[in-house]
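Data block below; observations after.
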Number of protein chains: 4
Amino acid sequence: MSRSESPLVKLRREEKEVRKGLILDAATALFSRLPFDQVGMREIATEVGISPAAIYRYFSDRDELFVEVLCREVESVYDRLARVAEGGEPMLERLATAYVTCLTDNRALFQIMTYFMAGGEIRAERLERFNQIQRRLLDLFQRQFPGGHSAARSRLLAHALFASLNGVLISFLNYPGREAEERRSHVVRLAKAVAQVFAQGGR
Amino acid sequence: MSRSESPLVKLRREEKEVRKGLILDAATALFSRLPFDQVGMREIATEVGISPAAIYRYFSDRDELFVEVLCREVESVYDRLARVAEGGEPMLERLATAYVTCLTDNRALFQIMTYFMAGGEIRAERLERFNQIQRRLLDLFQRQFPGGHSAARSRLLAHALFASLNGVLISFLNYPGREAEERRSHVVRLAKAVAQVFAQGGR
Amino acid sequence: MSRSESPLVKLRREEKEVRKGLILDAATALFSRLPFDQVGMREIATEVGISPAAIYRYFSDRDELFVEVLCREVESVYDRLARVAEGGEPMLERLATAYVTCLTDNRALFQIMTYFMAGGEIRAERLERFNQIQRRLLDLFQRQFPGGHSAARSRLLAHALFASLNGVLISFLNYPGREAEERRSHVVRLAKAVAQVFAQGGR
Amino acid sequence: MSRSESPLVKLRREEKEVRKGLILDAATALFSRLPFDQVGMREIATEVGISPAAIYRYFSDRDELFVEVLCREVESVYDRLARVAEGGEPMLERLATAYVTCLTDNRALFQIMTYFMAGGEIRAERLERFNQIQRRLLDLFQRQFPGGHSAARSRLLAHALFASLNGVLISFLNYPGREAEERRSHVVRLAKAVAQVFAQGGR
DNA sequence: GATGAATGAGTATTCATTCAT
DNA sequence: AATGAATGAATACTCATTCAT
């Protein structure tokens, strides 16, 4: 890397970053609106107002684009949780609620996360960057299990809590036969229950 | 409905049921062997030794076939858990371990379950029959939270536990960068932790 | 292999063979009419009056289809040459003329042959069946160099003659700035010259 | 045309010529390294270190660029052959060997030549400048058939020899199932055979 | 009851080329 | 003189599903 960058180059790079962002925005918007497998390159391109081919200037791959959506969104979730973690008790419950609320309101994130998690090892290989963020998320959870736990134990509990909340979302966010609002509140109720259980039982 | 059924009709119905079972067997076998998106109608047909078109005599839809695989497998899981529930303490832990072990060893079930859960409302609408079985499963879990709980409370905990175990599977069964065996044992460890936490905290 | 085949199965197989032939015919016709890279699966399908997808019931691949066109056409060339080889002197000249005439009148064959020859090793791997036919063609040529030659020598001459005729076609069949008819007759004239040279010099 | 050219204009023209040369160099290098259809404008541009769009300042077309590569390379072949033609006997054999050796070692030239020759009339129309060089090459060959031949006869033989050598290259340079070195030596052997045959029979 | 045949709709990706800056 | 951005057009292939026989 050159020590300084010509302002012009920098400008262009930033502009490119902006356009990249627009594509990610479009994809995110679509994921919030449509089921996963109806979001193709064509749809995304149309949403941004460019041609499908243009997307490939910014992402080498469909999966690369998806991963970046995933990372961006999960990062925003992390930020939100980090702020929540600065507040008061009952910490676990507040974190859990915040987490599932984020995912509930952010269908894009929920869908993509599920896609990659369910996708098996193949897909998983491209997730390196995502894994880092996920680890920070796990760290955040882990810090809520300090007590007399060993590091290993608190890590385990963090994993378990994180997984449990994902499970709540996956198992009940689309639970059929109820209204969306009903499902939403059930998910939150479950998340709270999980949090309480971990708060009491995770000692 | 005619009050009684002619033996001949009955026979034919049973034969049909048998053939249906063979198709379901084939699909299940394939799902255990291959990643989800490599299991198509053609593959299933080939595995049974019939033509793809013939499958449509027994199932109106690909999804209907999948749902039946799901039901059948989940039923077998139910049976297993029911037997486990007759054993001794620590009940929750033993149930949890049994549940994740089943799903870990039964990739077919795991894959299809994920498919439908992640598939959103559209897919979920076809799951009516599955939901009944799932309810019985939830009942089973619920009975483990008897104490001084209200029915609503124990139901909630059952939901929460069930969801948590699903989450453990989905979040960590394909976790990248580890060996299959390692992942498997991590999943069991997490399931146990979850069970313990629910046992202590779910009161 | 079962010793006998049910007539019904045989019939179906033959019908399939016929349909396969129709596709090959269509492709051949297109190659005679259009430059190579304008002959795609879509065009072929349209020409036969079926959908592109249907082609894949008969050929697993675009290249497989092309190879079969190649084989079929080259086989017909072989038959023609074999008949010519039964006639009288001047043998080499008559064979050469027949060969280039065939290829000149059969643009399909000429184009595909060039495609595979120029395509490098990659393409060449799929040509096993074609190579057998080509070898028979070379045998035919070889038999015209009997004299006092060693087998190796006459094989070499056969290769050389065969290659030379191909070269005449490739180098002058599209030679620009002349009329088609003019080019055609120039090619024949050259083929004759080559044949004569080989007849006199190849001793 | 102005009778004289301002030095400045001349300079600029020369600079342009130089840059053009760099592009041709890059393309040539790539063709020597990669199969034909992996050499695109982007690759060439990258190799030179400019943008694809910039190439269009120097060449109106991809084909124009290719033609110029072709011309330049064939010119160098001509020079080499011209020097060979100054040597002693057996002339035809030495020329033939030199020709196929050049083409064998210069994959760029071989690939592009094949591309244009196989491309049909469409492509051929753009080859006017190439044809002039080719004619000089043919002249060179023609001078080796002096004897008692009419001009027309020796021209014909020159065409035939030239075409035959091309045919040897195209027919056997990629012949499958042998090692590169084996193919190379077979090509040379055939070229020699062709030359001998023409030397004896072309009288 | 079964099947061979056929298909329509769908998808990601590539590339030479253009143009405003 | 150069380029970053953008694109239109193209393409092979897949798959669940239908239907006449």
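No experiment lies behind these values; they were computed from the predicted model shown.
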Separation of C/I50 atom CD1 from F/dC13 atom P, in whole Å? 15 Å
Taking everything shown except D/E128 itself, do over 12 heavy atoms lie less than 6.0 Å from its CD? no
Pairing check on F/dC15: which nucleotide meets the Watson-Crick or G-U wobble criteria with it, both distances under 3.5 Å? E/dG8
Does C/R62 put a side-chain nitrogen or oxygen below 4.0 Å from OP1 or OP2 of F/dA12? yes
Mind calculating the distance between CD (A/E15) and C1' (F/dA5) to the nearest angstrom? 11 Å
For DNA chain E, whose closest nucleotide is more 5', that of B/R12 or that of A/D63? B/R12
Could you tell me whether the phosphate oxygens of E/dT11, OP1 or OP2, come under 4.0 Å of any side-chain nitrogen or oxygen in A/R42? yes
Return the value, rounded to whole Å, for the distance between atom CD1 of C/I44 and atom P of F/dT11. 11 Å
Over how many whole Å does the gap from C/M41 atom CE to E/dT7 atom P extend? 14 Å
Rounding to a whole Å, what distance do you find between D/I55:CD1 and E/dT17:P? 10 Å
What is the distance, rounded to the nearest whole Å, between atom CG of C/D37 and atom C1' of F/dA10? 11 Å
Base, sugar-phosphate, or nothing for D/Y58, non-hydrogen atoms under 4.0 angstrom? sugar-phosphate
Reckon D/R19 touches a base, only the sugar-phosphate, or nothing at all at heavy-atom distances under 4.0 Å? sugar-phosphate
Choosing from F/dT3, E/dT7, F/dA12, which nucleotide comes nearest the side chain of D/S51? F/dT3
Is B/R57 close enough to E/dA2 that one of its side-chain N or O atoms is under 4.0 Å from OP1 or OP2 there? no
State, with a plain yes or no, whether a side-chain heavy atom of C/R33 is found less than 4.5 Å away from one of C/L30. yes
Rounded to whole Å, how long is the line connecting atom NZ of D/K20 with atom P of F/dA1? 12 Å
Would you say the ring centers of C/F36 and C/F31 fall short of 6.0 Å from each other? yes
Supply the atom-to-atom distance C/L34 CG to C/E43 CD, rounded to the nearest 0.5 angstrom. 8.0 Å
Using both distances under 3.5 Å as the test, list the Watson-Crick or G-U wobble partner of E/dT21, or none. F/dA2
Between atom CD in C/Q38 and atom C1' in F/dT11, what is the gap in whole Å? 14 Å
Is the closest side-chain donor-acceptor distance between A/D37 and A/Y115 under 3.5 Å? no
